[in-house]
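Letters A, B, ... mirror the listed sequences (proteins, then strands); counts begin at 1.
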Amino acid sequence: MQNIEVAWIFNELADLIELKEDDFFKTRAYRQAARTLAHLEQPLEELSRRGQLSKIPGIGRAIESKIKEILETGTLKKHQELLREIPPGVLEIKQLPSIGPKRARALMQELGVTNLQDLEDAVKDRRVRKLKGFSAKLEWDILNGIEMVRNRQGRTRLSVAREMAEELTSFISLLPGVKAVETAGSTRRWKETVGDLDIIAGAENPEILLAALASHPRVKEVINKGDNRIEVMTWWGIAVDLSVVTPAEFIPAWHRATGSKTHYLILQEIAKYKGLKLNHRGIETQEGKVVDLTSEADIYRSLGMEYIPPELRENRGEIEAATGQGLPKIISGEDIKGDLHIHTTWSDSAMEIKDVVNKCLEKGYSYAAITDHSRSLKVANGLELERVLEQHQLIRQMNTSLKDFTLLTGVEMDILPDGSMDFPDELLEQTDVVIASVHTGFRQSKQDLTKRFTRAMENPNVDIIAHMTGRVLGRRESYELDVEALIEMAAKTDTVLEINASPDRLDLNEEHTRMAKEAGAKLAINTDAHDVRRLDEMVYGLSVARRAWLAPGDVINTLEINDLREVLS
DNA sequence: AAACCGGGGTTTATAGGTTGCCAAACCTA
């Protein structure tokens with residue numbers, strides 16, 4: 001049982017209680033506990049064994065015994081009982097935009113609506129608008145929300161897919177007779193969401209692997225099973241497709257399963273043109289001789305081209321480049337010198353400043369910026385002016401005792417609904433990293449929102465615009481924004497655009513990132529981390545950058561500290 | 001339900017804006 005799974009049960013418990021009886025304090029207690037558990041670094045199993053659960057703030061006797069119950073049995077009785085009273089469909093309804101516990105409860109009690117389909121029918125019959133607290137406009141919002149949910153169905157965020165992939169491949173690698181096992185498909189190509197998880201294994205006896213996966217604790221049910229292939233559904237809602245091939249065929253099969261489909265089709269055509277045959281068994285010459293393949297690079301070499309990393313295999317010019325003048329140098333993990341968007345306990349994060357420093361040193365960074373929320377963002381405990389000054393003074397002081405590492409002062413400042421900045425220029429001028437972003441007034445017109453960002457960019461003290469389009473994958477569409485105009489403006493005003501690395505956001509997305517590069521705007525890849533583990537999410541931001549063909553020179557946090565200071569000044 | 005102070009009972013209430021109604025529900029990290 002992973003911490004996040006335990007946290008998820010408490011979150012759902014909070015939702016259920018909110019729907020049932022609206023006990024504010026109980027709901028809040030569960031929700032805070034869920035949040036705390038999700039942010040923990042150590043596994044709950046370990047903390048429980050050492051009797052340290054109740055030492056966690058926000059975990060008292062009742063929640064402690066519930067955690068133990070979950071760890072021992074895998075489920076929570078109270079949670080199961082409530083789920084019998086309140087169908088899971090109601091929870092889905094509550095997740096819709098503009099629907100909270102009160103409206104979800106009204107729909108259930110007044111109309112007997114307990115799932116999304118019922119709700120859609122009720123809206124189409126115009127029964128919903130008649131309820132107290134609802135309206136025709138709200139019916140419209142509901143339909144849009146249902147559509148968004150349906151669109152995301154079957155798609156999983158990359159981070160979930162990759163975690164699952166890591167767990168399952170390391171499990172499979174330990175099975176008898178396994179010579180190789182790797183993740184393929186869009187997960188390996190680092191697409192922002194994936195349909196299902198493709199795993200390829202090389203082994204002589206497929207049955208052992210198929211049976212082992214079928215009975216793995218993460219697996220909920222077997223969808224399909226053949227002689228050397230199995231498709232299963234996991235508890236995490238992502239389907240896994242495992243193919244077992246002979247060890248000799250592993251490399252070509254893995255390569256084909258990685259895709260993308262069009263990339264592979266073109267490679268096959270090139271092979272044919274060269275008198276070769278490329279398929280999942282390998283490369284054959286016209287005379288029927290099999291080309292020896294010890295790596296994917298051998299495949300590309302045989303076709304007369306440079307090795308193409310998985311992130312680029314989308315038929316967006318990579319084949320031409322790899323055949324001709326060569327692929328450009330693309331940014332990679334070693335290029336990143338620091339993280340410029342990090343929150344601490346001063347606002348709404350679980351990290352102390354010293355935790356940030358330690359983790360960043362561990363990651364080999366040479367700098368980091370502390371950028372807590374500004375005063376207007378009350379929900380996130382945004383810092384008042386005096387507290388920012390106090391924090392910055394502390395940071396400067398801490399910085400003097402650090403060797404080969406620079407701690408930068410910063411803020412993530414709200415661009416207020418009227419377009420003004422949340423902090424005065426006098427403060428911004430003496431702050432190393434000024435990030436500006438929007439957290440309120442999402443539903444303003446395209447024109448107004450675009451103007452708000454433009455005003456921020458025009459302020460010479462603003463260095464970076466964070467998560468500009470505001471999308472949250474599967475939960476919230478980006479706001480109405482003239483992204484192209486803003487990218488132009490960023491280039492013109494030397495404002496850096498952030499690629500927010502959080503796998504929930506990935507904002508800018510890869511398309512906008514490409515546009516930014518073309519327009520000559522500079523980018524920064526930041527985690528926006530609120531706990532220590534999420535400082536590791538830099539890889540997801542990097543994947544966006546790589547898929548957009550960014551070079552190290554396009555990204556400011558590849559610079560050495562002195563050059564970075566130059567850019568920020 | 002947790003945390004607190006005292007050893008069981010009390011306190012806790014993100015805040016401010018938006019929506020689309022004329023109040024309450026919802027939303028934001």
[X] side, atom [atom1]; [Y] side, atom [atom2] - distance, nearest 0.5 Å:
X: A:R35; Y: A:D348; atom1: CZ; atom2: CG; answer: 6.0 Å
X: A:M413; Y: A:N461; atom1: CE; atom2: CG; answer: 8.5 Å
X: A:H530; Y: A:S347; atom1: NE2; atom2: OG; answer: 6.0 Å

Pairs touching residues 535-545 of chain A that satisfy side chain to side chain donor-acceptor pair (under 3.5 Å), sequence neighbours left out
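For residues 535-545 of chain A, and leaving out neighbouring residues, the side chain to side chain donor-acceptor pair (under 3.5 Å) pairs sorted by first residue read A:K359-A:D536, A:K363-A:D536, A:R534-A:E537.
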
Taking the [atom1] atom of each, how far is [N] from [M], in whole Å?
N: B:dA29; M: B:dA23; atom1: C1'; value: 27 Å
N: B:dA13; M: B:dC4; atom1: P; value: 13 Å
N: B:dG17; M: B:dA2; atom1: P; value: 34 Å
N: B:dA15; M: B:dG20; atom1: P; value: 25 Å
N: B:dG6; M: B:dA1; atom1: P; value: 25 Å
N: B:dC22; M: B:dG8; atom1: C1'; value: 45 Å
N: B:dT12; M: B:dT18; atom1: P; value: 30 Å

Check ion pair A:D504-A:R157 (N to O, under 4.0 angstrom):
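Yes, this pair counts.
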
Residues A:D118, A:K124: salt bridge by 4.0 Å N-O rule
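No.
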
Which residues pass the side-chain contact (heavy atoms from CB on, under 4.5 Å) test with A:D418, sequence neighbours left out?
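Testing A:D418 for side-chain contact (heavy atoms from CB on, under 4.5 Å), a comparison that skips the adjacent residues, returns A:L416, A:S420.
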
Of the nucleotides B:dC26, B:dT14, B:dT18, which has the atom closest to the A:P101 side chain?
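Out of B:dC26, B:dT14, B:dT18, the nucleotide with an atom closest to A:P101's side chain is B:dC26.
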
Consider the side chain of A:K66, meaning its heavy atoms from C-beta on, and name the nucleotide among B:dC26, B:dT28, B:dA1 that approaches it most closely.
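In terms of side-chain proximity for A:K66, the closest of B:dC26, B:dT28, B:dA1 is B:dA1.
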
At a heavy-atom distance below 4.0 Å, what parts of residues 50-64 of chain A sit against DNA chain B?
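Result for residues 50-64 of chain A: A:P57, A:G58, A:I59, A:G60, A:R61, A:A62, A:I63, sorted by number.
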
Strand contacts (DNA chain B) in residues 85-97 of chain A, 4.0 angstrom heavy-atom criterion
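Residues of residues 85-97 of chain A under 4.0 Å from DNA chain B: A:L96, A:P97.
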
Single hit among A:T409, A:I370, A:V411 for side chain to side chain contact (heavy atoms under 4.5 Å, CB included) with A:Q391:
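Between A:Q391 and the candidates, side chain to side chain contact (heavy atoms under 4.5 Å, CB included) is satisfied uniquely by A:I370.
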
Under 4.0 Å, counting only non-hydrogen atoms across every strand here, what does [X] touch: a base, just sugar-phosphate, or nothing?
X: A:R476; answer: sugar-phosphate
X: A:H530; answer: sugar-phosphate
X: A:R31; answer: nothing

Can you list everything that forms a salt bridge (Lys or Arg N to Asp or Glu O under 4.0 Å) with A:R505? Sequence neighbours excluded, please.
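None.
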
Under the salt bridge (Lys or Arg N to Asp or Glu O under 4.0 Å) test, residues paired with A:E147 that sit two or more places apart
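Salt bridge (Lys or Arg N to Asp or Glu O under 4.0 Å) list for A:E147, sorted by chain: empty.
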
Rounded interatomic separation in angstrom, taking [atom1] from [X] and [atom2] from [N]:
X: A:D418; N: B:dG17; atom1: CG; atom2: C1'; result: 12 Å
X: A:D507; N: B:dT28; atom1: CG; atom2: P; result: 14 Å
X: A:K20; N: B:dA1; atom1: NZ; atom2: C1'; result: 16 Å
X: A:D348; N: B:dA29; atom1: CG; atom2: P; result: 10 Å
X: A:F442; N: B:dC26; atom1: CZ; atom2: P; result: 18 Å
X: A:D414; N: B:dG16; atom1: CG; atom2: C1'; result: 12 Å
X: A:Y479; N: B:dT19; atom1: OH; atom2: P; result: 15 Å
X: A:H343; N: B:dT14; atom1: NE2; atom2: P; result: 21 Å

Pairs flagged by salt bridge (Lys or Arg N to Asp or Glu O under 4.0 Å) wherever [range] is involved - sequence neighbours left out:
range: residues 77-94 of chain A; answer: A:D15-A:K94, A:E18-A:K94, A:K20-A:E85
range: residues 49-60 of chain A; answer: A:E46-A:R50
range: residues 451-475 of chain A; answer: A:E192-A:R471

Considering only nitrogen or oxygen atoms on both sides, find all protein atoms under 3.5 Å from nucleotides 20-24 of chain B and state each distance.
unit_1, atom_1, unit_2, atom_2, d
B:dG20, OP1, A:K137, NZ, 2.9
B:dC21, OP1, A:S135, OG, 3.1

Could you summarise the pairing of DNA chain B as dot-bracket text, marking Watson-Crick and G-U pairs under 3.5 Å with ( ) or [ ] inside the strand and | across strands?
(((((..))))).((((((....))))))

What pairs of nitrogen or oxygen atoms, one from the protein and one from nucleotides 7-13 of chain B, lie under 3.5 Å apart?
unit_1, atom_1, unit_2, atom_2, d
B:dT12, O2, A:R28, NH2, 3.4

Is there a donor-acceptor pair closer than 3.5 Å between any side-chain N or O of A:D125 and the backbone N or O of A:A122?
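No.
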
Return yes if some donor-acceptor pair links the side-chain N/O of A:R546 with the main-chain N/O of A:I331 below 3.5 Å, else return no.
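Between the backbone of A:I331 and the side chain of A:R546 there is a qualifying donor-acceptor contact (under 3.5 Å).
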
Within less than 4.0 Å of OP1 or OP2 of B:dA29, is there a side-chain N or O belonging to A:R505?
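Yes.
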
Counting only side-chain nitrogens and oxygens, does A:K378 get under 4.0 Å of the OP1 or OP2 atom of B:dT14?
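Checking A:K378 against B:dT14: no side-chain N or O falls below 4.0 Å of OP1 or OP2.
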
Distance flag, aromatic centroids of A:H373 and A:H343, threshold under 6.0 Å:
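Yes, ring centres under 6.0 Å apart.
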
Smallest separation among heavy atoms of A:D531 and A:A38, with atom names:
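Of all heavy-atom pairs spanning A:D531 and A:A38, the closest is OD2-O, 4.4 Å.
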
For the residue pair A:A501 and A:L506, what are the closest heavy atoms and their distance?
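Closest pair (atom of A:A501, atom of A:L506, distance): O-CD2, 3.7 Å.
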
